[in-house]
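A short write-up of the structure that comes next.
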Amino acid sequence: MTDTDQASALEAENDPLAVEAEIPHSLMTMNLGPSHPAMHGTVRLTVTLDGETIVNSVPEIGFLHRGFSKSSENSTWHQVLPYTDRLNYVSPILNNTGYIMGVEKLAGVKPTERAEYLRVLGGEISRICDHLTCVGAIGLELGAFTVFLYAIEARELLWDRIAELCGARVTVSWTRIGGVATDMPPGWEERLRDCLPRVVELTNEIDTLLTRNRIFVDRTRGVGVIGAEEAIDYGFTGPCLRACGVNYDVRKAHPYSVYDRMDFEVPLGSKGDTYDRYVLRLEEIRQSHRIIEQCLQQMPPGPIVIDDWRYALPPKKEVFGSIEGVMAHFKLIMEGMLIPAGEVYVYTEGANGELGFHIVSNGKGKPYAIQVRGPGLPILSALPRLIQGHAIADLIPIFDSINMIGGEVEQ
Amino acid sequence: MKPTTDLDFGERFYLREAVKGMGVIARHFWKNLLGFRDPNAEIMQRKGPGVNMVSTMNYPEERKAYPPGYRGMHRLVPRIDGKPRCVACYMCATACPAQCIYIEAGEYDDQAIEKYPVRFEIDELRCIVCGFCVEACPKDAIRMDTGTHAPAVLSRPLAVFDKEALLQGPAVEHPSDLMTYRVPLRTPSADPTAGPTSRGDVKDH
Amino acid sequence: MKVFVDGAEVEADPRDNLIEAARRIGVAIPYFCYHPRLSVAGQCRMCLVETSDAPGRLVPGCQVRVKEGLKIVTTSPAVKENQRGCMEFHLINHPVDCAICDQSGECKLQDYYMEYDHQPSRIRTYKLNKPKREVFGPLVVYDAERCIMCTRCVRFMDEVAQEPQLAVVQRGSHSLIATFPGQPLDSKYSGNTVDICPVGALLNRDFRFQSRVWFVNKSPTVCTGCSTGCNVYGESRGNVMYRLLPRRNEEVNQVWMCDEGRLTYHATNDSRTEWARTGKGDAQQSVGPRLAVERAVELLKPLAGKGGLGIAISAQCTNEEAAAAFLLGAQLGAVHYYLGGNPPGDHDEFLIRGDKNPNTHGVQLAAQAFGVQLEEPKGLDAVKALLAFRTEGLPIDKLQRLEVFIAVAQNENAVTAEAQVVLPCQSVYEQDCSLVNWYGRLQRTWAAVPAERGDSAPGWRWAADLMKGLGAASFPKSAGDAFEALAQKSMHLTGLKLAEIPDDGLVLEGEMPTQWPARAPRPGPGAPSIRPPSPPRPDLRVGDEASGGSR
Ligand code: SF4
Ligand code: SF4
Ligand code: SF4
Ligand code: SF4
Ligand code: FES
């Protein structure tokens with residue numbers, strides 16, 4: 001210690017304010033995740049804190065990377081389906097549908113009417129599951145564990161229906177070129193009709209518990225705000241974009257499948273904060289419920305997959321009993337469906353936004369290239385912007401409200 | 001829809017909303033406490049006097065059976081004579097995205113079907129339960145209708161199920177099987193020392 | 001000669017039929033019974049197309065020859081309808097056998113069905129029963145139900161193998177292919193009938209049920225069965241080889257190969273020397289490549305330059321192995337060089353040569369280039385130490401006498417049991433290398449089996465390791481290096497690089513024999529593959545000091 005140091009130290013002793021000023025004041029860097037119990041998915045956030053305030057943050061992905069694109073190039077067109085299950089693993093049917101629509105577009109195949117309805121039906125159930133997970137988790141992370149339990153109870157009911165429909169709860173691999181793999185089992189429609197009111201009831205209870213609850217509102221209102229323009233610049237889509245008041249829903253803007261025959265509304269927010277994102281998801285659950293009801297009403301009878309042996313496996317009876325069937329079957333399994341050469345980009349409304357598949361075929365039985373536009377990545381990239389200046393305690397609710405799904409962000 | 005309206009006084013005052021919330025929770029509480037527990041695994045169909053629909057299950061005493069179409073543990077479907085229907089065509093192994101099926105083919109000397117699996121192994125740890133193998137089988141010889149999942153094991157090799165372990169469940173026959181069961185015409189071979197028609201023949205069937 | 005295929009102009013050869021003319025611009029006319037190397041039978045009717053010569057009628061594309069200005073239509077509704085109907089007829093009695101049929105994956109019926117038919121079966125009756133699994137001969141088994149009576153096999157046996165052992169018997173839909181009583185299909189070329197059979201009616205007993213064809217990787221290589229060096233594809237999965245199939249080379253084997261050659265891959269799978277080892281009998285010990293080479297160097301070092309050391313090179317060795325062996329021999333001052341190899345076998349006037357080694361010629365060329373004299377292995381008495389590159393044809397009784405015996409060996413046998421050091425050698429099918437066939441054709445082969453077994457390495461690599469261990473400054477570091485070391489010395493290979501050898505090979509002229517077997521395929525005079533020799537450029541000569549001043 002030099003003399004001048006000693007002198008100033010003495011001076012400081014006499015002046016309490018100077019003592020404050022002398023306390024070393026520096027930023028703190030903290031790692032959150034990748035496997036933090038409060039983290040929503042396997043992602044790491046390196047947060048720079050000034051006291052409790054977030055100054056800066058860097059999200060780091062890659063902990064769930066599975067090489068989707070590369071693996072797909074080494075699989076036949078159908079073998080890619082299990083990989084798409086694992087993109088947004090909460091709503092796999094939506095991914096299955098998005099991918100297979102791209103392949104169908106390349107092949108110039110139109111799925112059967114019933115398959116279209118089944119896909120929309122399954123997709124909307126998936127969407128509800130996704131939103132329930134997000135809404136439940138946001139409650140959980142703000143201390144409302146009950147909400148989480150209600151959400152999961154509702155989701156379980158729906159996943160049970162999905163298991164009956166597709167043969168698996170999560171990894172469904174359900175769609176096929178020109179249709180779907182399995183039809184509704186007998187009695188399934190009634191069971192679904194049975195459990196939907198219960199799902200709505202639970203949703204309403206969550207609504208009652210949270211939406212007008214001052215603690216919840218105070219924690220979420222005006223937190224993680226992003227303006228419409230900025231959100232568009234970041235590439236937001238889906239609920240996060242609509243929470244900013246932008247009316248863009250692929251189902252309405254560019255109707256695909258049978259969405260043009262469905263009567264539903266696109267809920268919109270105004271402020272683009274965590275609260276809006278939450279309320280919007282609740283409302284979308286109700287809209288999805290409406291779509292499901294209409295699907296069940298309009299569901300036409302008929303085959304669930306097209307009868308074109310170049311793209312769809314022949315019916316089992318033909319495979320077991322006729323040489324024609326077994327030859328087509330063998331060729332399709334050995335080589336895969338020969339999808340005409342070409343390049344498409346198809347986009348559908350995933351649970352978290354626009355889910356795009358860019359597919360290139362060179363006419364072989366395997367994709368030449370596949371890239372995914374997962375809705376989660378652009379939104380995640382805006383996370384540092386969303387949480388900047390907020391308290392560290394707000395990080396988790398904000399992070400939850402954008403509903404990042406690891407599998408989708410890192411294909 | 002406009003979700004963001006400002007809270008009115010009552011809401012800002014906590015109490016009203018808190019009571020409402022308590023109401024919801026209390027409903028669940030009383031239902032769970034006093035509700036008659038119907039052990040029906042199908043929650044939506046639980047019946048009982050008073051409040052029903054306790055939505056939990058006392059696992060493992062109560063278990064929900066897997067639905068009929070559920071993709072469970074594989075089985076190799078037997079024919080009525082107990083032998084596997086499988087003809088070792090490798091379709092399942094080809095379709096499997098996880099490449100978890102290993103087959104070695106052998107030859108029946110006395111049957112029209114000629115080919116059968118000497119070894120048929122599935123690594124249930126690698127399996128992603130996609131069901132593509134079932135879809136790919138041209139003989140209805142592999143199914144996932146066991147209604148159970150692959151059991152937990154204490155070491156990896158134990159998750160590899162061999163032919164004997166997989167060959168189980170009820171036998172299956174199809175009308176088209178007639179065609180493959182017929183006795184083939186065989187002319188006496190020009191080469192009396194011919195022996196088996198393939199190399200490395202295993203005759204222990 | 002100009003013809004028009006679906007409107008596109010094609011420059012066709014006057015000898016072309018319609019199928020070949022269309023093929024020139026990549027238009028595929030489907031066919032079963034036509035084969036470019038067999039006579040035309042017109043059996044299957046799959047190839048019918050329309051021409052401007054006979055409007056409104058369908059003519060067989062396999063039988064009709066092109067003529068000036070002919071317009072061929074392959075896509076008209078009538079043609080398509082014929083193709084579809086033809087497929088349906090072929091499938092009427094076809095068994096539901098793809099699951100147990102080895103042909104699936106390379107079956108013309110499957111391919112054409114997907115391309116030209118793809119409609120469900122309309123047959124509601126039972127199919128005709130015919131004999132199945134009939135053993136035709138040592139290599140071939142026949143299934144009459146799958147046979148589409150294209151008679152390719154019959155024509156092959158008549159015209160190419162020239163041993164008419166197959167015939168069509170019965171009539172109509174009951175007809176089938178049969179051998180004659182007491183006369184199995186035992187021609188040395190019987191395996192080719194399996195290859196040309198467009199369906200799974202004839203199958204190879206050696207390959208049957210071993211693997212599915214879409215699992216195996218195909219790579220071009222050269223058969224090691226005899227000195228013809230038939231061009232083949234080797235098919236493998238992992239490090240196991242499954243079969244050899246002929247690869248087209250009009251100047252060597254056309255599109256055929258012999259049955260014996262087909263089985264040569266077994267030596268790559270079975271009883272391999274896998275691990276480098278030292279000691280013999282009970283003292284055997286797998287020590288890994290480094291220690292084994294060290295031990296070999298230890299044994300060889302005292303002998304270097306002292307005489308009494310011999311090097312045996314088998315005619316199974318590749319050019320690169322031979323070159324490296326001679327380089328090593330020069331460094332060690334070896335005094336005797338022995339040329340081993342498989343004993344001669346039978347021969348014929350077509351593909352099969354009596355010399356059962358793929359590279360006798362190449363080893364001789366290399367010896368000539370390095371200026372060494374090759375001796376018969378029965379003269380082994382002259383040396384007390386021997387380093388053998390591949391072990392074929394070494395007299396086992398004389399080996400016991402040797403003080404030092406080191407073997408670079410591919411397979412376990414009585415010879416390797418005598419060696420103090422055994423270095424496992426890759427088979428020809430596992431290496432990128434070159435061979436010279438009996439009439440002086442330099443042919444390239446590519447590794448057909450990707451994975452290595454145990455410690456095994458190409459022979460030249462072992463030679464290089466020994467050279468390094470013995471203190472050489474330069475030694476070949478790749479197969480290309482080894483080949484270049486040879487090319488710099490040989491007047492036949494001057495300026496060639498391994499990677500530059502054309503896929504079809506080169507004839508090193510001047511080595512062409514004057515006596516040809518009557519039907520052996522050969523390059524015509526002045527064929528583009530013939531390469532005149534030129535003396536090596538002196539400035540390129542390197543390593544002369546190592547070669548003991550032989551030049
Ligand atoms: S279920 Fe799927 S992953 Fe499992 S064995 Fe069958 S094909 Fe393979
Ligand atoms: S697909 Fe069926 S018949 Fe073929 S190998 Fe698999 S289980 Fe056996
Ligand atoms: S010949 Fe071809 S179509 Fe016939 S059973 Fe064999 S693979 Fe199938
Ligand atoms: S066995 Fe094969 S090659 Fe011979 S006629 Fe029958 S289908 Fe043709
Ligand atoms: S190829 Fe012409 S009739 Fe068979």
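The sequence lines fix the lettering, A, B, ..., with proteins before strands; numbering per chain opens at 1.
Under 4.0 Å is where a charged nitrogen must lie from a carboxylate oxygen, and between A:Lys316 and B:Glu135 no such pair does.
Contact annotation for A:Ile162: neither backbone nor side-chain heavy atoms come within less than 4.5 Å of a heavy atom of chain B. Interface remark: A:Leu313 contributes side-chain atoms only to the contact with chain B (heavy atom separation under 4.5 Å). Neither the backbone nor the side chain of A:Asp85 comes within contact range of chain B; no heavy atom of the residue lies under 4.5 Å from a heavy atom of that chain. Proximity to chain B is absent for every atom of A:Thr76, based on heavy atoms less than 4.5 angstrom apart. Of the two parts of A:Leu282, neither the backbone nor the side chain holds a non-hydrogen atom closer than 4.5 Å to a non-hydrogen atom of chain B. Looking at A:Ile215, both its backbone and its side chain come within 4.5 Å of chain B, counting heavy atoms on both sides. Proximity to chain A (any heavy atom under 4.5 Å) is restricted, for B:Arg27, to the side chain, taken from C-beta onward. In this structure, chain B has heavy atoms under 4.5 Å from both the backbone and the side chain of A:Phe330. Using a 4.5 Å cut-off between heavy atoms, A:Arg242 does not touch chain B at all. Only the side chain of A:Arg86 comes within contact range of chain B, judged by heavy atoms closer than 4.5 Å. Contacts between A:Asn74 and chain B at a heavy-atom distance below 4.5 Å are absent for every atom of the residue.
Checked by atom type and distance alone, the side chain of B:Arg71 pairs as donor or acceptor with a backbone atom of A:Val172 at under 3.5 Å. Between the side chain of A:His329 and the main chain of B:Ala136, a donor-acceptor pair closer than 3.5 Å is present.
Closest approach of A:Val326 to B:Pro138, counting heavy atoms only: CG2-CB, 4.0 Å. Shown here for B:Ile128 and A:Pro82, the closest heavy-atom pair between the two residues is CD1-CB, 3.5 Å. Considering every non-hydrogen atom in both A:Phe320 and B:Cys137, the closest pair reads CE2-O, 4.0 Å.
Rounding to the nearest 0.5 angstrom, the gap separating the CD atom in A:Glu205 from the CD1 atom in B:Ile25 is 9.5 Å. A:Phe216 contributes atom CZ, which lies 12.5 Å from atom CD of B:Glu17 (distance to the nearest 0.5 angstrom).
Taking the six-membered ring for Trp and thresholds of 30 and 60 degrees, A:His78 and B:Phe132 have ring planes inclined between 30 and 60 degrees apart.
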Passes side-chain contact (heavy atoms from CB on, under 4.5 Å), B:Asp140 versus A:Val319? Steps please. CA-CA 10 Å; B:Asp140 196 8; A:Val319 177; over 6 Å; no

Yes or no on side-chain contact (heavy atoms from CB on, under 4.5 Å) for A:Thr146 and B:His28, after CA distance, side-chain angles and deciding distance? CA-CA 10 Å; A:Thr146 319; B:His28 278 263; over 6 Å; no

Show your working on side-chain contact (heavy atoms from CB on, under 4.5 Å) between B:Leu15 and A:Arg214 and close with a plain yes or no. CA-CA 10 Å; B:Leu15 213 53; A:Arg214 187 175 160 200; over 6 Å; no

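Chain A is approached within less than 4.5 Å, heavy atom to heavy atom, by B:Cys89, B:Met91, B:Thr94, B:Ala95, B:Cys96, B:Pro97 from residues 86-102 of chain B, ordered by number.
Legend: residues meeting salt bridge (Lys or Arg N to Asp or Glu O under 4.0 Å) with A:Glu164, ordered by chain and number and at least two apart, are A:Arg161, A:Arg191.
With chain A as partner, the option from B:Met22, B:Lys64, B:Arg16, B:Lys20 having the largest number of non-hydrogen pairs under 4.5 angstrom is B:Lys64.
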